[in-house]
Amino acid sequence: MVKRKEAPLPPAPQTGFLALVGLGNPGDQYKATRHNIGYQFLDYLAQSQKLTWKKEKRYESESATLELAGQKLLLLKPQTFMNNSGKSVSSLMRYQRWPASSLIVAHDEINLPFGTLKLSNQGSAGGHNGINDIFQHGARDILRFRLGIGQKQHKHMELTDHVLGKFSSEESQTLLTRLCEWEQALGLILSQGAVQAMNFINRKEKNHELN
């Protein structure tokens with residue numbers, strides 16, 4: 001059976017997204033770990049446009065401004081450590097007077113196969129402490145950019161060892177391709193809005209898992 005090619009979505013007006021928050025832990029010891037894939041995605045975006053990160057004491061974060069799909073988007077990497085991510089996010093919302101619905105949050109997701117992406121704007125934190133802390137600080141209406149890191153290698157492995165473990169060389173090579181695709185997905189969100197982008201990207205990613 002020949003698969004029918006998915007037609008590209010038509011252009012649409014700019015949406016109301018103002019910031020992309022990438023979750024992770026600060027410090028060299030956490031670089032290239034699975035838990036820091038949110039940081040890694042933002043670093044990739046910043047590097048692609050030769051952006052410079054600056055410290056934002058107001059939000060306890062590092063920030064840069066990205067231009068994508070005809071829209072400016074604040075990139076934010078909280079420096080509060082993963083479990084206190086809500087402190088930084090809530091500070092940003094209060095200072096800028098932005099609603100939670102204007103935020104996209106990129107984070108690692110153990111319940112997705114490695115290298116896959118899923119968009120969600122509903123549901124529980126699913127055991128993710130960073131997302132749970134953001135929820136606890138009142139930001140439930142975020143769009144979650146869930147980046148699959150896969151399950152533990154074996155059932156007796158500690159979850160901490162899994163998420164704080166570093167990517168293998170093979171996984172790192174796969175990520176190079178996926179980071180580029182995730183940038184395209186982000187552009188689709190900014191141009192089409194959450195609902196249309198979710199329908200298109202999640203269906204596309206589901207087909208990717210089956211192939």
Side-chain angles (χ1 to χ4, degrees), residues 20-53 61-62 64 66 68 75-85 88 104-120 123-134 143-189 197-198 201-211:
L20 171 64
V21 181
L23 301 190
N25 289 307
D28 290 341
Q29 67 269 40
Y30 298 109
K31 284 185 178 180
T33 60
R34 294 178 177 85
H35 221 18
N36 270 34
I37 197 170
Y39 271 18
Q40 190 169 350
F41 178 46
L42 266 66
D43 284 335
Y44 170 82
L45 295 172
Q47 185 177 9
S48 69
Q49 293 192 13
K50 297 181 171 58
L51 305 178
T52 301
W53 292 103
S61 300
E62 291 183 354
L66 179 79
L68 187 66
L75 302 181
L76 201 75
K77 295 194 299 183
Q79 300 296 294
T80 52
F81 287 91
M82 180 69 80
N83 293 358
N84 294 312
S85 298
S88 176
I104 305 169
V105 179
H107 66 91
D108 59 302
E109 178 58 75
I110 64 169
N111 294 315
L112 290 176
F114 170 73
T116 58
L117 165 67
K118 185 173 183 179
L119 304 181
S120 302
S124 70
H128 193 288
N129 290 335
I131 293 297
N132 184 61
D133 195 60
I134 290 173
L143 177 63
R144 293 166 60 187
F145 203 91
R146 300 163 60 192
L147 306 172
I149 61 170
Q151 292 281 354
K152 297 183 296 183
Q153 295 176 13
H154 52 82
K155 64 180 181 180
H156 298 297
M157 185 181 192
E158 293 289 338
L159 181 59
T160 301
D161 292 336
H162 175 60
V163 298
L164 295 184
K166 297 199 173 186
F167 292 113
S168 66
S169 57
E170 183 179 352
E171 287 174 329
S172 296
Q173 286 299 314
T174 300
L175 275 180
L176 291 177
T177 300
R178 296 301 284 157
L179 287 167
C180 179
E181 294 175 3
W182 294 341
E183 180 180 13
Q184 294 171 5
L186 177 63
L188 193 62
I189 294 169
M198 242 186 293
I201 292 169
N202 290 350
R203 183 174 67 247
K204 181 179 177 182
E205 289 288 325
K206 188 65 177 177
N207 290 337
H208 175 78
E209 288 181 41
L210 295 175
N211 290 337

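Given the structure is predicted, the values throughout are model-derived calculations rather than measurements.
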Engineer: Could you check whether any side-chain N or O of S88 sits under 3.5 Å from a backbone N or O of S85, counting only pairs where one atom can act as donor and the other as acceptor?
Structural biologist: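 Not confirmed, S88 side chain does not pair with S85 backbone.
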
Engineer: Restricting to ring pair (Phe, Tyr, Trp, His ring centres under 6.0 Å), what partner residues turn up for F81, sequence neighbours left out?
Structural biologist: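 So F81 forms no ring pair (Phe, Tyr, Trp, His ring centres under 6.0 Å) with any residue.
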
Engineer: Check whether any side-chain heavy atom of L117 sits under 4.5 Å from a side-chain heavy atom of R146, and report yes or no.
Structural biologist: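 With C-beta onward as the side chain, the pair stays apart.
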
Engineer: To the nearest 0.5 Å, what is the distance between CG (N111) and CD1 (I149)?
Structural biologist: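 Separation between the atoms: 9.5 Å.
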
Engineer: Rounded to the nearest 0.5 Å, how far does OH of Y39 lie from OH of Y30?
Structural biologist: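 Result: 10.5 Å between the selected atoms.
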
Engineer: Counting only heavy atoms not in Q153, do more than 12 fall under 6.0 Å of its CD?
Structural biologist: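 No, the 6.0 Å shell around CD holds no more than 12 heavy atoms from other groups.
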
Engineer: Taking the side chain as C-beta and beyond, is there a heavy-atom pair between K31 and Q40 under 4.5 Å?
Structural biologist: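 Sidechains of Q40 and K31: no contact.
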
Engineer: Please list, one pair per line, the donor and acceptor atoms closer than 3.5 Å that link side chains of residues 155-163 to other protein atoms, with sequence neighbours excluded.
Structural biologist:
{"residue": "H162", "atom": "NE2", "partner": "G150", "partner atom": "O", "Å": "2.8"}
{"residue": "H162", "atom": "NE2", "partner": "Q151", "partner atom": "O", "Å": "3.4"}

Engineer: Compare all side-chain heavy atoms of Y44 with those of W182 and state whether any distance is below 4.5 angstrom.
Structural biologist: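 Result no, sub-4.5 Å side-chain heavy-atom pair not found.
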
Engineer: When rounded to the nearest 0.5 angstrom, what distance separates CG in N36 from CG in L164?
Structural biologist: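 Answer for the CG-CG pair, N36 versus L164, is 8.5 Å.
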
Engineer: Drop me the distance from L188's CG to K204's NZ, to the nearest 0.5 angstrom.
Structural biologist: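 Those atoms lie 8.5 Å apart.
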
Engineer: Do the side chains of I104 and L186 get nearer than 4.5 Å, heavy atoms only?
Structural biologist: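 SC-SC contact between L186 and I104 confirmed.
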
Engineer: Indicate the atoms forming the closest heavy-atom contact of R144 with S124, along with that distance.
Structural biologist: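 Looking at all heavy atoms of both residues, the closest pair is NH1-O, 2.7 Å.
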
Engineer: Is the closest basic N to carboxylate O distance between E171 and R34 below 4.0 Å?
Structural biologist: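 Yes, this pair counts.
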
Engineer: Go through the steps to decide whether S169 and Q173 satisfy the test side chain to side chain contact (heavy atoms under 4.5 Å, CB included), and finish with yes or no.
Structural biologist: CA-CA 6 Å; S169 57; Q173 286 299 314; 5.8 Å; no

Engineer: Would you say the side chain of Q49 lies within less than 4.5 Å of the side chain of L45, judging by non-hydrogen atoms?
Structural biologist: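 No - every pair of side-chain heavy atoms lies 4.5 Å or more apart.
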
Engineer: Between A185 and F145, what is the shortest heavy-atom contact and its length?
Structural biologist: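 Looks like CB-CZ, 4.3 Å.
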
Engineer: Is the shortest side-chain heavy-atom distance between V105 and V21 below 4.5 Å?
Structural biologist: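 They are in side-chain contact.
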
Engineer: Drop me the distance from L147's CG to K118's NZ, to the nearest 0.5 angstrom.
Structural biologist: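 Output value for this atom pair is 13.5 Å.
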
Engineer: Taking side chain as C-beta onward, heavy atoms only, is T33 less than 4.5 Å from F167?
Structural biologist: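 Sidechains of F167 and T33: no contact.
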
Engineer: Is it the case that the side chain of N84 and the backbone of D133 share a donor-acceptor pair, with hydrogens and angles ignored and the cut-off at 3.5 Å?
Structural biologist: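 No, because the side chain of N84 does not come within donor-acceptor range (under 3.5 Å) of the backbone of D133.
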
Engineer: Using the ring of each side chain (for Trp, its six-membered ring), is H128 parallel, tilted or perpendicular to H107, with breaks at 30° and 60°?
Structural biologist: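 Rings of H128 and H107: perpendicular, as their planes differ by over 60°.
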
Engineer: Nearest 0.5 Å, what's the CG-NE2 distance between D108 and H35?
Structural biologist: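 The NE2 atom of H35 is 5.0 Å from CG of D108, to the nearest 0.5 Å.
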
Engineer: Report yes if the side chains of F41 and L175 come closer than 4.5 Å at any heavy-atom pair, otherwise no.
Structural biologist: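 No - every pair of side-chain heavy atoms lies 4.5 Å or more apart.
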
Engineer: Starting from the C-alpha separation in whole Å, work towards a yes-or-no answer on salt bridge (Lys or Arg N to Asp or Glu O under 4.0 Å) for D43 and K77.
Structural biologist: CA-CA 9 Å; D43 284 335; K77 295 194 299 183; 2.7 Å; yes

Engineer: Using a 3.5 Å distance criterion without hydrogens, assess whether the side chain of T116 forms a donor-acceptor pair with backbone atoms of L112.
Structural biologist: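 Pair absent, no side-chain N/O of T116 close to backbone of L112.
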
